[in-house]
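This report refers to the structure that appears directly beneath it.
Everything numeric in this text was worked out from a predicted model, so none of it was measured.
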There are 2 protein chains.
Amino acid sequence: MPDVKHFDPDAALDTVVRLFWHQGVATTGIQDIVTATGLNRSSLYATFGGKQELYLAALERYREQWSRPAFRGLAEDRRGLPAVAEFFDALITVRCSGAYARWGCLVSNAQAGAENGDPDVRAFLDRHHEELREALHAVLLVAEAEGQLAPATDPATAADLLALLTYGVNLRSRAGAEAGSLSATVVAALGSLGGRPAE
Amino acid sequence: MPDVKHFDPDAALDTVVRLFWHQGVATTGIQDIVTATGLNRSSLYATFGGKQELYLAALERYREQWSRPAFRGLAEDRRGLPAVAEFFDALITVRCSGAYARWGCLVSNAQAGAENGDPDVRAFLDRHHEELREALHAVLLVAEAEGQLAPATDPATAADLLALLTYGVNLRSRAGAEAGSLSATVVAALGSLGGRPAE
DNA sequence: GTTATCTTGGAACGGTCGTTTCAAGAAGCT
DNA sequence: AGCTTCTTGAAACGACCGTTCCAAGATAAC
């Protein structure tokens, strides 16, 4: 008996993700979202609820679409350090070139903004950080088993270090850092974990 | 002949710095500033200009009061790696405890926000990053001369790495990271530059 | 004490914020 | 077709945004 939605909620949410990602939450108005998605205020509120719920939905979608695939590819790769190098290469490529160049990372941006005051957002950030750490830890355990790590390198601590390095890349890329400079830094970091320079 | 200001502009600016630092630019209204500083809208605009100029003034003041002293202390320290360790210790202490706990860094927060779209802000961020890098580079050159670095460690690249690590600490501390965890990560990073674990 | 100049208080500006409301429209089921 | 139920369009809500304006107040020079 009911009517059915005249738009695709997932496609709309993708647009919302891009807005929040590029412009930030605080500086993106409902009007911006209405204009960008083409759908009406009523439909927006009926489908997603208010702005805060919309932002949380955007965070979830970003994680499903961007973070989780990258984390999974990392954790399942059996090559060890080369997998980490590839992870950072892909990261830097996305952050510095293409459609999302200089957008940084929606999640990293959230850590720096006022939005992290919300308990739900904070919980999301904690979990996201944990997932990044775990993926890095998993691949570093492989690296250790393969004898790729310097004897003094602890995989768990190294995972923490690379996680912080990831945030640094996300932040600096948004402010305009060059891909080459970021790459060189990452290569050096991986080299120092291995006990030798570049790999 | 003129009247004279009935308040201390520097003290007012300090209050403004704290507001922007803690709450973010976009979520801090002029009314918040009026309330927190106790001075009038007219005085505010007559002294500092609009919000954007006020934000730039706050950035400058933050740099003078926080960044530059830390950078100078770092660059002038002749001990090498221990100076770097002390720099990060002090950083983590400020970020995780005391009056500014979980506020992150005003400058790091700016890199993640929409405010970095402004050319003046962007220029400030670039320069700030350069000053951080130079300070780290200077002390790492000392460390190299003192034989504290592993042969494969290049001081300039290591400075880049530590700068990114600084951003990571700033970001994660704002989202609630523990001081102990951040410290352990930093110690491990410095250890890997030296070729041995924690020094 | 008078005058000139700047500062202060406070109201007011148009615009935008996130959100709500409600009538009109569209789709599915009998 | 008719009825029900949800969706859509569009106007409107009060609150707040950054900013401006002007009269009243305060200070220093004469």
Evaluate salt bridge (Lys or Arg N to Asp or Glu O under 4.0 Å) for R127(B) paired with E130(B), printing each intermediate quantity in order.
-> CA-CA 5 Å; R127(B) 180 148 173 70; E130(B) 206 54 38; over 6 Å; no
For the residue pair L162(B) and L140(B), establish whether any side-chain heavy-atom pair is separated by less than 4.5 Å.
-> yes
Quick one: K5(B) NZ to dG25(D) C1', roughly how many Å, whole number?
-> 16 Å
Interatomic distance where CG belongs to L54(B) and P belongs to dG18(D) [whole Å] | 11 Å
Which of residues 26-46 of chain B sit near DNA chain D, with a heavy atom under 4.0 Å from it?
-> T28(B), G29(B), I30(B), Q31(B), R41(B), S42(B), Y45(B)
Does anything in residues 74-88 of chain B pair up under side-chain hydrogen bond (donor to acceptor under 3.5 Å, both in side chains), and if so which pairs, sequence neighbours excluded?
-> D77(B)-R79(B), R79(B)-E86(B)
Whole-Å distance between dT19(D) C1' and E53(B) CD?
-> 12 Å
Could you list the residues that satisfy side chain to side chain contact (heavy atoms under 4.5 Å, CB included) with R61(B), not counting sequence neighbours?
-> D10(B), L13(B), D14(B), V17(B), Q65(B)
Flag the pair E131(A) / F71(A) as yes when at least one side-chain heavy-atom distance between them is below 4.5 Å, and no otherwise.
-> yes
Considering only heavy side-chain atoms of D3(B), the closest of dT7(C), dT7(D), dG18(C) is dT7(C)
Check whether any side-chain heavy atom of F20(B) sits under 4.5 Å from a side-chain heavy atom of Y62(B), and report yes or no.
-> no
So which one's nearest nucleotide on DNA chain D is more toward 5', Q52(B) or H6(B)?
-> Q52(B)
